[in-house]
Amino acid sequence: MKYSAVLFDLDGTLTRSEEGITRSALWAAEQLNYTGFTQEQLKAFIGPPLYVSFPKVMGMKEEDVDEAVRLYKERYARIGWLENEVYPGIPRLLRSLKENGLKALIATAKPQVFAEKIAEHFGLLPYLDGIVGPTTERVSISKADFVRKAAQMAGGKAVMVGDRCFDVDAAKEVGIDSIGVTYGYGSREELYASGADAIADDVRGLQRLILGDLPPARGIFISMEGMDGCGKTTQRTALVRHLEAMGWEVTQTREPGGDGIAEKIRQIILDPANTEMFDETEAYLYAASRAQNVRAIIRPAVEDGRLVVCDRFVDSSIAYQGGGRGLGAERIGDLNAMATGGCLPDLTIYLDMAAGKAIERRRSVGVPDRLERQKDSFYERTQRAYDVLFSKGDRSVVHVDAAGSIEEVSERMLSGVDEWLSGAAMN
Ligand code: TYD
């Protein structure tokens, strides 16, 4: 193994922080009647000290700078730090480091308290062995001091990863290797000129440079379950947005369905004209669609390190065909063994809503498909089967009370998912 620890710069390396920084700079300037700046000009605020940027970029008068810095900090502390997202692929890289026994630390020129808040909010904290940044207002401390401290904390052979020449210079001063990344706010020329030992154009390239022959982490498979009308589709959108902001590369799929073949099977299953379909036929069709979805979509994505969100999976068959149709949970489980081929969700999100309420909601919108034309007793049996399934406690389930506003349900769901993800990162 080439390195035993990786020191990451934060802005432009782990997180795309442009929005929070540029909006805070613009807002501070506008309060003091400086207006008319382009996004390109505002981008110059990422990196250098604010005391330099306000006069240099905005031609601000000396006497206004203190107040501008105060206003900037006020807005940044309130909302700016949240106007941020993790670059796609970072959680997987951090998981890969951890699984292979490499340490990961942040060495940043951003105040340490913000770096800590950001790392925690965006789910990076459980993967990190330390965060080092300025803890005082003193501007005289150089980036090399933070890099040196982080390298000492890490022990062993460390490499510095950053998007600007300052990161490469700091690594040189400390005497460690550096990798420049071009997806942040510096240019390839800048990184070459400062003498980076290697350059990566994206997170996957960075991962290859650091890991070499070591195996990267596999991805994560999350399924979503609940009665028709429980709000699953709306909540899926919120879930995916949240996971993407945390840097997960997300693949979405649904059942019945997935690829072209599975979507054709879906049409047969849900077609209201197919009133003659036997329950057993239906059970096999769902399983057939699943066999296709697992092999065409889910398994390849997980093996590629992506996070898969699947709207319904085998639990739906156990609840609807096993419970609702009365074919029996065990038989449906057996029937699906070959379909899943052992590819089962790492986590299931269950949106729990009373059958009557869910159906009432569902029937109030749109034309019902074949499955939605069932009697209420069908849904009650389905709901009971779900309850049995998720009360066993033998697997990872985020059980969400699906009653309430969209935002309330989202909040409950996302905090459960965050908790599970950070638990999974610790293991
Ligand atoms: P869909 O329109 O996708 O419903 P929803 O948005 O509520 O998921 O239709 C899927 C229907 O198929 C839904 O009524 C549940 C049912 N179903 C089963 O009966 N068994 C299964 O294995 C699956 C995956 C779905």
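Whatever order the structure lists them in is the order used to number ligands and atoms, beginning at 1. The figures that follow rest on heavy atoms only: side chains count, while hydrogens, waters and symmetry mates do not. All figures in this text were calculated on a predicted structure; none of them were measured in a lab.
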Taking the ring centre of each residue, are Phe54 and Tyr34 less than 6.0 Å apart? no
So, are Glu67 and Arg70 salt-bridged, with charged N and O less than 4.0 Å apart? yes
With Ala44 via side chain to side chain contact (heavy atoms under 4.5 Å, CB included) - residues at least two apart: Val57
Taking Asp259 for its side chain and Ile297 for its backbone only, find out whether a donor-acceptor pair lies under 3.5 Å. no
Mind checking whether Lys232 has an N or O less than 3.5 Å away from an N or O of ligand 1? yes
Of Met224, Glu255, Arg325, Arg266, which has the heavy atom at the shortest distance from atom 3 (O) of ligand 1? Arg266
Tell me if the aromatic rings of Tyr72 and Phe45 count as close, with their centers under 6.0 Å from one another. no
May I ask you to identify, for Arg290, whether its side chain, its backbone, both or neither come under 4.0 Å of ligand 1 on a heavy-atom basis? side chain
Arg254 contact mode with ligand 1 (heavy-atom cut-off under 4.0 Å): neither
Ignoring angles and geometry beyond distance, decide whether Glu282 reaches within less than 3.5 Å of ligand 1 through its nitrogen or oxygen atoms. no
